[in-house]
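Order of the sequence lines fixes the chain letters, A, B, ..., with proteins taken first and strands second; residue numbering starts at 1 for each chain.
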Amino acid sequence: MIEVKNLVRTFQSGDRTIKPVNNVSFELAEGTLASIVGKSGSGKSTLLSLLGALDKPTSGDVVVNGVSLAGMPDGKLTEYRRRDIGFVFQQFNLIPNLTALDNVMLPMEFAGVRRSVRTKRAKELLEQVQLDVDRHDRRINRLSGGEQQRVAIARALANEPKLILADEPTGNLDEQTGGHIIELLSSLRREHNTTILVVTHDRSLANKTDRRFRLQQGRLTEETAPKQVQGMAPASPKAVAATAPVG
Amino acid sequence: MSVLARSVGNAFRNKIRTTAVVAVLAVAIGLALAMLVANQAVTAKVTELNASVGTTLTVNPAGGQGFEGGGEPLTAQEATTAAAVPNVTEVVGTKALRLRNATEAASQGAGGGGGFGGQATTTMTTSLTPAVDAGTLGNRNQETGTTGTQPARTFSLPITATGIGAEVDSTGKALDITDGSGLGDYTAASKSALLGTTLAEKNSLKVGSTFTINDQTFTVAGLFDAGTAFGNNAVYLTLPEAQTLAALPGELSTMIVTVNSMENVDAAKTALQTALGTDKADVTQGQRNLETAVSSLDSVKNISFMAFVAALGTAGLIILLIMVMLVRERRKEIGVLKAIGAPNRTIGLQFVLEALVLVTLGSAVGAAVASFASGSIATALIGSSTTTTAAPGNRGAAGGFPGGGPLGGATQLLTSVTASASPGVIAAGIAAVFGVAIIGALVPALLTARIRPIEVLRGE
Ligand SMILES: Nc1ncnc2c1ncn2[C@@H]1O[C@H](COP(=O)(O)OP(=O)(O)O)[C@@H](O)[C@H]1O
Ligand SMILES: [Mg+2]
């Protein structure tokens with residue numbers, strides 16, 4: 001579904017060169033729920049924005065369903081983000097003066113969905129992320145962090161994307177709500193065969209994913225048997241070796 | 001929520017700023033519109049004045065004008081020569097006489113009028129009392145003709161009697177007869193006269209009443225209105241009658257030459273000057289006063305146009321800077337829209353609509369301001385130009401030829417200007433501001449939208 005080839009992203013900081021993503025390669029099959037863990041500042045957000053076509057790699061390529069993002073013109077990249085990607089930002093990035101409902105409706109407006117359909121679907125999505133009905137018409141800047149996070153998740157699901165990229169989607173949620181969001185993502189994978197990649201610090205979330213990656217100083221490695229380490233469940237047969245070269 | 005609704009909402013996101021922006025825009029746009037209105041009014045007036053100068057040329061004896069100067073008087077022969085010049089359709093001769101109130105003249109003695117250049121006129125006595133008080137200016141001018149040894153006295157102004165060869169005033173403009181009738185045959189001597197309305201009123205004369213010039217009785221055939229107090233302090237006689245009174249048959253003070261069309265005026269002026277000889281006659285187009293008025297109005301016109309452009313430019317600059325600022329401030333939002341798949345044109349449209357909301361409000365308030373301000377601005381502009389042109393007029397009024405006729409007309413035209421804007425002109429001005437607003441919103445929004453979303457999202 002998504003294939004990452006030797007992805008590198010460097011930043012120039014003064015006279016130092018930072019490499020938060022350094023030669024990362026991996027592949028995710030359709031319908032996979034995968035997680036990336038790693039220390040703060042290890043490059044997780046940078047990697048995710050490259051996959052979501054929000055940023056351009058210094059070198060390497062991302063191939064989605066056989067189409068390379070590297071060669072795509074700007075207009076096509078926008079279309080890719082609108083149609084194929086649901087991005088949950090670590091900082092939510094909602095439009096502050098619009099209501100929760102309007103924010104969720106925005107991507108559908110850009111996709112040309114009819115108004116009545118948009119409203120109906122936006123309401124359903126907000127219910128799915130368990131946002132109280134009385135918060136639907138409240139402006140974003142009057143919502144709590146957790147409420148904003150759920151609106152951001154609902155917005156990412158709006159256009160029924162094939163790939164969901166979520167940057168710490170449960171970071172601001174209590175255990176129970178976080179657990180519910182994990183459930184929601186799992187059900188999307190089951191019912192719509194959606195491919196999901198989450199960046200998380202949340203062990204319980206990471207443990208429920210099919211594949212677990214660790215990003216360390218720009219290098220990606222796949223954890224083979226964390227569930228045995230945790231002693232919670234037998235190792236998943238899907239957890240095969242990461243394709244990312246180490247060193 | 002549609003793009004339009006979002007844009008309108010965004011326009012009012014920061015209410016205090018929106019109010020400030022609309023207010024500043026309104027002042028600039030209002031000023032621009034007011035200047036445009038003033039410009040239009042002045043342009044219309046210049047056209048009107050040019051048309052009123054029109055196709056007439058005035059011929060004065062070389063070296064003289066009105067009662068002033070020296071040289072040889074014009075004669076009937078020159079009138080014939082002038083009539084033979086190509087494109088000349090009509091030549092009307094005039095003979096100006098200076099009338100003094102008989103009672104006053106007797107009390108002051110013969111020296112009273114001695115100071116006036118006498119080449120083109122002859123001073124006579126009349127039973128009429130002038131309708132204009134000498135006032136400070138009149139007295140000051142009169143003193144040039146007397147010695148300072150006498151104690152200060154109050155003079156009355158002389159009245160000008162002009163013999164005319166057709167029913168036109170001293171500038172060639174048709175007389176506006178408000179009561180009675182004209183003089184009939186202007187080429188024959190007759191004891192009929194036309195009186196200015198105020199002069200008739202001052203002397204309690206009506207159509208059919210009589211008065212005297214040099215002890216000869218004249219009947220009031222009609223009253224005319226020249227439009228000004230000075231212009232109305234005048235008497236018109238037939239040309240031969242005036243020449244007879246002056247005992248100078250065939251002599252003319254001025255000739256009013258009508259040219260067949262506007263385009264031929266310049267050529268005819270040159271031809272006329274050549275035909276009459278520079279040593280014999282001065283040919284001028286219209287009245288100097290009028291030309292001064294037109295040229296000063298022209299400068300007002302230019303200034304008002306520059307002010308219009310400047311105010312419009314300011315409005316444009318304001319909206320340009322505001323939009324650049326707004327877009328910068330909402331860079332992150334553009335990044336979000338871009339990140340969730342908004343095409344560039346949607347982002348551009350959203351900001352353009354927002355700019356249009358601001359400019360529409362600014363224009364509406366500005367138009368209201370302009371509609372209140374433009375009338376007084378136009379009057380103030382044209383009023384100040386009148387003051388400058390009126391100065392020589394006052395001198396002429398006190399001392400000589402009835403320059404008040406044309407000048408008074410001009411003054412009246414100028415002051416009667418009421419600015420009215422054509423919708424087309426307002427539309428053009430506002431369209432220009434809207435154009436700037438669209439560009440001011442579109443260019444920075446699109447430039448921002450072209451940047452990778454992550455860079456914009458990260459902020460500065
Ligand atoms: N635009 C940038 N310019 C310079 N350095 C950057 C930029 N973006 C991210 N970095 C650096 O790259 C590293 C990885 O950042 P990030 O991907 O946000 O980490 P995280 O894993 O916490 O999400 C950090 O050290 C950060 O300082
Ligand atoms: Mg991060």
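At a threshold of 4.5 Å between non-hydrogen side-chain atoms, the residues B:R6 and A:I95 do not count as touching. Using a 4.5 Å cut-off on side-chain heavy atoms (C-beta onward), A:P96 and B:K332 make no contact. Considering only heavy atoms from C-beta on, B:V3 comes within 4.5 Å of A:E109 through its side chain.
Heavy-atom proximity under 4.5 angstrom to chain B picks out A:L54, A:D55, A:K56, A:D74, A:T78 from residues 52-80 of chain A. By a heavy-atom distance cut of under 4.5 Å, A:R155 are the residues of residues 134-170 of chain A near chain B, going up by number. The stretch residues 340-356 of chain B places B:I340, B:G341, B:A342, B:P343, B:N344, B:T346 near chain A, each with some heavy atom under 4.5 Å from a heavy atom of that chain.
Taking CZ of B:R13 as the reference point, atom CG of A:L98 lies at 7.5 Å (rounded to 0.5 Å). B:I454 CD1 to A:T46 OG1: the interatomic distance, rounded to the nearest 0.5 Å, is 7.5 Å.
Summarising the local packing, CD of A:E127 is surrounded by more than 12 heavy atoms from other residues, nucleotides or ligands at distances under 6.0 Å.
Of all non-hydrogen atoms in A:R81 and B:K338, the two that sit nearest each other are NE-O, 3.0 Å.
In this structure A:K39 satisfies the side-chain contact (heavy atoms from CB on, under 4.5 Å) test with no other residue, sequence neighbours excluded.
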